[in-house]
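To start, the structure itself, in structure tokens.
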Amino acid sequence: MNVDRMLHKVYHLLSLTSPHSLPFKPLHFPSVLSLSHLRPRRSPYDSVRPIRTSTAVMATSRLRNLVPANNFASEDASGGGASKGPVSSTTATTALDDEEDATLAVRYRLPPQEIKDIVDAPPLPALSFSPYRDKILFLKRRALPPLTELARPEEKLAGVRIDGKCNTRTRMSFYSGIGIHQLLPNGTLGPEIEVRGFPDGAKINFVTWSPDGRHLAFTIRFDEGETSTSKLRVWVAQVETGIARPLFKSEDIFLNAMFDNFVWVNDSSLLVCTIPQSRGDPPKKPLVPFGPKIQSNEQKNTIQVRTFQDLLKDEYDEDLFDYYTTSQLVLASLDGAVKEIGPPAVYTSMNPSPDQKYLLISSIHRPYSFIVPCGRFPKKVDVWTADGKFVRELCDLPLAEDIPIAFSSVRKGKRSINWRADKPSTLYWVETQDEGDAKVEVSPRDIIYTQPAEPLEGEGPTVLHKVDLRYGGISWSDDSLALVYESWYKTRRTRTWVISPGSNDVSPRILFDRSSEDVYSDPGSPMLRRTPAGTYVLAKVKKENEEGTYLLLNGNGATPEGNIPFLDLFDINTGNKERIWKSDKEKYYETVVALMPDEKEGDLPIDHLKILTSKESKTENTQYSILSWPEKKAVQITDFPHPYPQLASLQKELVKYQRKDGVQLTATLYLPPGFDPSRDGPLPCLFWSYPGEFKSKDAAGQVRGSPNEFAGIGPTSALLWLARRFAILSGPTIPIIGEGDAEANDSYVEQLVASAEAAVEEVVRRGVAHPDKIAVGGHSYGAFMTANLLAHAPHLFSCGIARSGAYNRTLTPFGFQNEDRTLWEATSTYVEMSPFLSANKIKKPILLIHGEEDNNSGTLTMQSDRFFNALKGHGALSRLVILPFESHGYAARESIMHVLWESDRWLQKYCVSDTSNVNADSDASKKENLGTGSTDSESKPVAASGGGGPEASNSGHEGFDSLPIINC
């Protein structure tokens with residue numbers, strides 16, 4: 001079917017459907033701009049982007065594409081199973097020629113069946129252990145949500161996206177059911193008790209245990225049609241029976257889940273943020289504004305901020321933000337008693353004291369800001385009694401627009417205010433001595449204070465400890481022991497102090513002083529145990545007939561052979577260690593997840609120790625076991641099925657190689673099941689990574705991760721292409737090193753290319769990757785990497801896939817990623833690192849994908865739009881896919897399936913088949929330059945086939961979306 005006939009059908013549909021009567025926000029199609037399939041009779045500068053067409057055409061086309069997610073299973077997206085050669089992709093129902101349809105993109109597409117089956121595999125449940133570790137919740141999860149959920153109206157206010165109908169954050173996932181299992185004395189699980197009592201189809205969120213473990217609290221909401229969801233109600237369930245009921249008898253009390261939502265105050269009552277019952281309809285936007293939008297800096301303040309998104313724009317936005325975020329706190333008992341406490345306000349956190357007598361209440365208030373998100377708005381912290389009576393104000397911090405962009409800079413005034421975990425009702429906090437500016441040299445830099453909730457008259461705060469780096473937290477034990485952490489990003493230095501909070505006679509001493517980059521020297525983290533008050537303190541262990549204070553250090557165990565996790569018994573006084581457990585390093589990867597003590601308080605006897613461990617291998621899914629001393633006998637408590645048995649026999653290897661400057665590099669190499677390089681020859685290869693910054697070559701060359709970890713495959717993971725007979729080089733290390741006073745990014749391009757050359761040379765040397773069929777890809781900063789490699793190392797890769805990246809660093813002038821210099825301080829670095837400014841050098845096919853609603857700082861959708869225009873202006877073979885309603889990461893099933901279809905099509909066409917018409921000089925250049933260090937960035941322009949026309953952050957490693965989440 002040609003384009004004219006297709007448009008005639010659209011026109012015919014317009015006569016049958018009126019867009020003005022649509023009862024919901026219409027669905028968009030992915031917007032696609034492509035230079036790879038331009039029809040000869042059209043201008044080489046033309047491209048089709050349906051989302052930008054007229055309103056009538058747009059509404060009708062979207063309406064035609066409303067397909068329930070469960071209907072997708074019946075659509076044949078590809079041929080049969082995996083084969084040993086490249087597989088050509090046939091698409092779902094379509095009347096258009098594949099080439100035209102790929103360009104026009106009038107519908108969402110499905111990837112080949114072998115990829116689709118893995119993505120649609122049922123997700124494993126999340127796990128949550130009771131306070132006393134005697135019961136386990138299995139929180140059942142759904143598969144990918146339909147696009148209709150993302151299409152619901154949302155407000156973008158002060159860095160927050162709000163579902164006004166639910167009065168929650170938008171894009172909120174949920175559980176579909178709760179199962180309770182008793183952990184029996186022999187370590188096995190008892191039969192499941194299903195939490196019941198709520199209607200079918202309920203969406204469950206915010207599941208929490210009561211302090212005594214006898215009740216659960218959670219929220220329930222329901223879909224109200226395809227485009228709306230009800231407000232949240234709080235429910236409670238008896239753990240013993242699983243019977244659930246609403247917490248509030250009144251049907252007019254709803255949860256406000258914009259910030260904090262609810263918290264158990266004691267075993268039988270909860271403090272809940274509710275929507276004020278006196279609240280009316282949302283404020284209406286005035287047809288005529290009150291005046292112009294004005295920002296002023298007549299005081300000549302120096303204010304540098306990153307590229308925050310979704311900020312307030314005017315007074316109407318301020319009113320709307322107040323409307324949705326203002327809560328009324330309600331104290332509700334399980335017996336039905338309800339009491340409003342405090343005035344309505346924008347409450348952001350509620351924290352009961354360990355003795356349940358006080359509440360630490362945080363709120364934000366006006367004046368708001370148009371240049372920073374709500375986390376920097378004026379913040380007030382008060383102490384109340386548990387029944388809501390005001391005790392005192394701890395602080396009222398002003399608007400913080402002026403936090404310096406230098407790393408390790410913080411807000412002025414009190415911060416990290418919290419209750420001591422080892423005391424009934426003692427507060428502690430930190431105050432900076434450098435005005436929050438990391439560039440100011442001062443000693444001490446931070447001071448930690450403590451004070452009772454209700455101090456005596458004239459009793460000021462007590463100085464607990466002073467640090468010269470930036471404060472990083474405290475692990476409490478008792479008056480004789482606490483650990484204080486400090487660190488400094490610029491030098492990567494990290495220190496741990498031993499202090500005695502209850503004694504001024506005992507001098508603080510340094511326990512560990514090391515580089516945070518040096519994973520080989522990491523001693524591990526002290527394990528915590530739960531107290532009867534529900535707080536967590538350092539777990540002290542006692543040995544029979546021996547004196548001493550022992551802690552348990554749980555470490556990753558990084559070694560040159562990979563991580564070998566361990567558990568050490570550590571004498572805090574002498575520094576002596578005894579390794580009481582470590583992972584099997586031959587076949588399995590095991591970790592310590594949590595302590596499972598029988599004792600409710602006091603030191604833990606070493607012979608009664610009990611821990612929860614996880615165990616997995618390259619091909620065996622993660623399972624959980626209880627390991628008990630002194631026999632160290634493990635009893636497995638889960639038996640999760642393999643999520644994708646078709647890849648159960650995949651091959652995985654941790655490979656090591658060297659960059660030309662001597663830096664040791666590593667990568668994880670995955671090969672398809674049954675592949676034999678001597679028999680099958682080299683494969684097409686997908687190189688997927690994410691650069692990182694380091695201060696030393698030695699640290700950059702250290703091995704991270706384990707060759708025995710299970711290959712978890714998320715819905716957009718590069719590992720999906722194992723099912724398409726690709727070799728996958730996952731997470732090849734791309735260290736950008738700046739030793740001493742050198743800035744790492746000043747040599748970003750050189751180090752990036754050298755790392756990629758070394759990785760490509762290694763897989764070619766091994767005979768597993770064809771040198772002319774290696775594609776490069778990445779997400780976010782990995783997309784930035786991808787574009788730079790295609791610009792500066794065209795001899796290495798056949799094509800690239802760049803998702804949700806930022807390509808023009810002049811649009812992020814006050815820093816990006818780990819760069820804290822401004823554009824004006826490091827102009828040449830910003831320019832040289834920007835692939836946008838090297839668009840004329842990109843000669844290999846590049847696929848750009850971006851969420852239309854990307855709210856990540858720095859990666860505005862405009863970045864991909866403008867980069868594509870730059871590529872188009874130089875005749876680069878390129879394609880831009882904009883995903884409606886999607887943010888920085890992609891969520892909806894339709895979007896994810898389409899991303900996979902686009903990516904697979906790109907790889908099959910420009911990596912496997914190599915139809916990009918790249919001139920022969922490029923292939924010769926690749927063979928000459930592998931391992932030589934040449935970047936070949938001066939290749940001649942290449943005509944595109946068919947026309948010749950013109951940050952949060954995902955890891956480069958495989959995703960673990962299919963694995964259960966543990967909440968201990």
Side-chain angles (χ1 to χ4, degrees), residues 30-36 38 44-49 51-52 103 105 307 309 690-691 748-749 752 775-794 797 799-813 816-817 819 823 829-883 886-888 890 899 902-903 906 910 916 937 939 941-942 944 949-951 953-954:
S31 306
V32 179
L33 291 160
S34 178
L35 286 171
S36 57
L38 296 177
Y45 292 90
D46 289 344
S47 57
V48 178
R49 193 174 189 179
I51 195 172
R52 306 302 184 204
T103 303
T307 49
Q309 300 192 52
Y690 193 96
Y748 173 86
V749 171
L752 176 71
V776 60
H779 187 99
S780 195
Y781 207 53
F784 175 72
M785 169 206 75
T786 297
N788 267 308
L789 284 173
L790 293 184
H792 303 291
F797 303 105
C799 63
I801 300 172
R803 300 191 317 220
S804 298
Y807 309 103
N808 183 353
R809 286 303 164 200
T810 67
L811 297 178
T812 55
F816 58 90
Q817 199 69 6
E819 177 61 69
L823 169 63
T829 297
Y830 273 68
V831 170
E832 290 167 7
M833 288 182 70
S834 297
F836 175 84
L837 300 175
S838 297
N840 60 316
K841 299 179 181 180
I842 295 180
K843 312 304 178 186
K844 297 297 180 70
I846 182 169
L847 171 64
L848 304 175
I849 302 174
H850 217 120
E852 192 168 33
E853 304 296 333
D854 193 330
N855 63 342
N856 183 55
S857 177
T859 56
L860 293 80
T861 308
M862 173 182 66
Q863 288 272 5
S864 286
D865 272 325
R866 292 187 176 180
F867 187 39
F868 177 75
N869 287 333
L871 293 166
K872 181 171 61 174
H874 292 88
L877 199 166
S878 51
R879 182 174 173 90
L880 171 62
V881 179
I882 301 296
L883 301 170
E886 294 289 354
S887 186
H888 190 59
Y890 318 137
V899 166
E902 291 278 1
S903 301
W906 205 253
Y910 299 118
S916 59
S937 60
S939 300
V942 180
E951 282 213 37
S953 93
N954 285 0

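Note: hydrogens, waters and symmetry copies are ignored here, and every other heavy atom, side chains too, is used.
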**OP:** With sequence neighbours left out, write down each residue that passes side chain to side chain donor-acceptor pair (under 3.5 Å) with Glu886, or none if nothing qualifies.
**Re:** Ser895

Original post:
Is a donor on one side and an acceptor on the other found under 3.5 Å between the side chain of His850 and the backbone of Thr859?
Top reply: yes

Original post:
Where the side chain of Lys844 meets the backbone of Phe797, is there a donor-acceptor pair that is under 3.5 Å apart?
Top reply: yes

Original post:
Looking at Tyr890 and Gly851, what are the two nearest heavy atoms and their distance?
Top reply: CE2-N, 3.9 Å

Subject >> Sequence-distant partners of Ser903, side chain to side chain donor-acceptor pair (under 3.5 Å), two or more places apart >> reply: none

Original post:
So, Ser804 side chain and His888 main chain: donor-acceptor pair closer than 3.5 Å or not?
Top reply: yes

Original post:
Short question: side chain of Asn808, backbone of Phe867 - any donor-acceptor pair under 3.5 Å?
Top reply: no

Original post:
Would you say the side-chain atoms of Thr786 pair up with the backbone N or O of Gly778, donor to acceptor, closer than 3.5 Å?
Top reply: yes

Subject >> Heavy-atom closest pair, residues Leu848 and Tyr807 >> reply: CD2-OH, 3.9 Å

Subject >> Check: Ile882 main-chain N/O paired with Glu852 side-chain donor or acceptor under 3.5 Å >> reply: no

Subject >> Heavy-atom pair with the smallest gap, counting every atom of Trp906 and Gly800 >> reply: NE1-O, 3.4 Å

Original post:
Do you see a donor-acceptor pair shorter than 3.5 Å between the side chains of Asp854 and Thr861?
Top reply: no

Original post:
Can Ile801 and Glu902 be said to form a side chain to side chain contact (heavy atoms under 4.5 Å, CB included), step by step?
Top reply: CA-CA 10 Å; Ile801 300 172; Glu902 291 278 1; over 6 Å; no

**OP:** Walk me through it: do Leu811 and Phe836 pass the test side chain to side chain contact (heavy atoms under 4.5 Å, CB included)?
**Re:** CA-CA 11 Å; Leu811 297 178; Phe836 175 84; over 6 Å; no

Subject >> Pair Tyr748 + His792: ring centers closer than 6.0 Å >> reply: no

**OP:** Measure the spacing between CE of Met785 and CG of Leu790 and express it to the nearest 0.5 Å.
**Re:** 9.0 Å

Subject >> Where Tyr690 and Gln817 come nearest, the two heavy atoms and their spacing >> reply: OH-NE2, 3.0 Å

Subject >> Intermediate values then yes/no, side chain to side chain contact (heavy atoms under 4.5 Å, CB included), Leu871 and Ile842 >> reply: CA-CA 8 Å; Leu871 293 166; Ile842 295 180; 3.8 Å; yes

Subject >> Ser838 OG to Asn788 CG distance, which is reported to the nearest 0.5 Å >> reply: 7.0 Å

**OP:** Kindly give the heavy-atom pair with the smallest separation between Ala806 and Phe784, and that separation in Å.
**Re:** O-CD1, 3.0 Å

Original post:
Which heavy atom of Ser864 sits nearest a heavy atom of Leu880, and at what distance?
Top reply: CB-CD1, 3.8 Å

Original post:
Hey, is Glu819 close enough to Arg809 for a salt bridge, meaning N to O under 4.0 Å?
Top reply: no

**OP:** Identify, with sequence neighbours excluded, every residue that meets side chain to side chain donor-acceptor pair (under 3.5 Å) alongside Tyr830.
**Re:** none

